[in-house]
There are 2 protein chains.
Amino acid sequence: MVMPMTDSVRAWRVLFEDLCRLIRSGRLVPGDRLPSETALIAQTGLSRTTVRQAIGQLRSVGLVSTLAPKGTFVLGTPDPVRLMAGESVTAEAALTLTRADGSTALLPAGTPIVCAATR
Amino acid sequence: MVMPMTDSVRAWRVLFEDLCRLIRSGRLVPGDRLPSETALIAQTGLSRTTVRQAIGQLRSVGLVSTLAPKGTFVLGTPDPVRLMAGESVTAEAALTLTRADGSTALLPAGTPIVCAATR
DNA sequence: CTCTATTTGTACGTATGTATC
DNA sequence: AGATACATACGTACAAATAGA
């Protein structure tokens with residue numbers, strides 16, 4: 001079914017979230033290949049541009065990685081990363097800080113997180 | 001001058017890096033608006049799709065933010081937060097890790113970041 | 001080994017919607 | 001009300017790398 005471009009629900013976002021669910025639900029596990037662009041076009045009726053935008057979002061969120069002409073593959077959730085002195089992390093989205101006592105705080109997008117000086 | 005699509009140097013990447021330089025050099029400061037898509041099209045001779053891809057990269061790198069029909073604006077960086085031992089941060093979106101040498105790595109959404117500082 | 005099909009990357013063009021100025 | 005500017009979405013074409021017959 002074709003999504004009219006006037007639709008307030010963005011087509012690429014729908015596909016993006018569908019694929020997100022496939023991954024988070026475990027129907028697609030790390031190492032699995034996503035359906036090819038052509039397949040997704042056939043399944044969704046969307047244009048290639050739109051399909052690619054959805055996949056691009058998955059990439060930019062870190063859920064998948066695409067290898068040039070091979071395909072797009074589901075990434076595994078990596079082990080926790082230890083932040084060393086001199087390193088910093090940021091994210092486009094809000095960050096959640098969890099303290100030792102379990103309480104949490106929300107940090108604005110773009111906030112650089114640096115490692116507290118050792119000792 | 002028009003960049004042939006066969007060129008191995010990706011046109012959007014050239015524009016992306018040009019704009020990066022404008023920002024990092026300080027010629028564009030936080031709050032400044034980037035030239036509009038139309039202006040960039042005129043200046044570069046690229047298609048709108050390509051111009052938008054370059055701007056999309058700037059966004060995903062966290063250098064700019066675009067407000068719907070107003071324009072794309074240069075972001076400033078908020079004050080860093082020091083991650084203490086026992087604390088961790090996560091984000092729904094991809095995290096960018098910047099090392100001491102300036103190199104960066106993309107961490108998948110949901111990656112827990114912990115403080116390496118012990119003792 | 002060569003030819004071919006598949007798949008992703010890049011790049012172009014066009015049209016419409018919608019919010020802002 | 002009109003112009004401007006970004007978002008979404010369609011289409012097309014060719015390049016390049018890979019995999020398979």
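Just the heavy atoms: all of them, side chains too, but no hydrogens, waters or symmetry mates, feed the values below. In what follows, chains carry the letters A, B, and so on, assigned in the order in which the sequence lines appear, proteins first and then strands, with residues in each chain numbered from 1.
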Distance check needed: [N] [atom2] versus [X] [atom1], whole Å only.
X       : N      : atom1 : atom2 : value
B:Gln53 : C:dT8  : CD    : P     : 16 Å
B:Phe73 : C:dT20 : CZ    : C1'   : 11 Å
A:Leu40 : C:dT6  : CG    : C1'   : 15 Å
B:Leu46 : C:dT10 : CG    : C1'   : 11 Å
A:Ile41 : D:dC10 : CD1   : P     : 10 Å

Could you tell me whether the side chain of [Y] reaches within less than 4.5 Å of the side chain of [X], counting heavy atoms only?
X       : Y       : result
A:Leu83 : A:Val89 : yes
A:Thr72 : A:Leu67 : no
B:Leu34 : B:Val64 : yes

Set of salt bridge (Lys or Arg N to Asp or Glu O under 4.0 Å) partners for B:Glu87, sequence neighbours left out: none
Does B:Thr50 have a side-chain nitrogen or oxygen under 4.0 Å from the phosphate oxygens OP1 or OP2 of C:dC12? yes
Testing B:Arg52, B:Glu17, B:Gln57 one by one against B:Trp12 for a side chain to side chain contact (heavy atoms under 4.5 Å, CB included), which residue passes? B:Gln57
Which side-chain hydrogen bond (donor to acceptor under 3.5 Å, both in side chains) pairs, counting each pair once, include a residue from residues 93-106 of chain B, with sequence neighbours left out? B:Arg99-B:Ser103, B:Asp101-B:Ser103
Would you tabulate the pairs of protein nitrogen or oxygen atoms and nucleotide nitrogen or oxygen atoms of nucleotides 5-7 of chain D closer than 3.5 angstrom?
unit_1, atom_1, unit_2, atom_2, d
D:dC6, OP2, B:Glu37, N, 2.9
D:dC6, O4', B:Ala68, O, 2.9
D:dC6, O3', B:Thr66, OG1, 3.3
D:dC6, O3', B:Ala68, O, 3.1
D:dA7, OP1, B:Thr66, OG1, 3.0
D:dA7, OP2, B:Arg52, NH1, 2.7
D:dA7, N7, B:Arg48, NH2, 2.9
D:dA7, N6, B:Arg48, NH1, 3.2

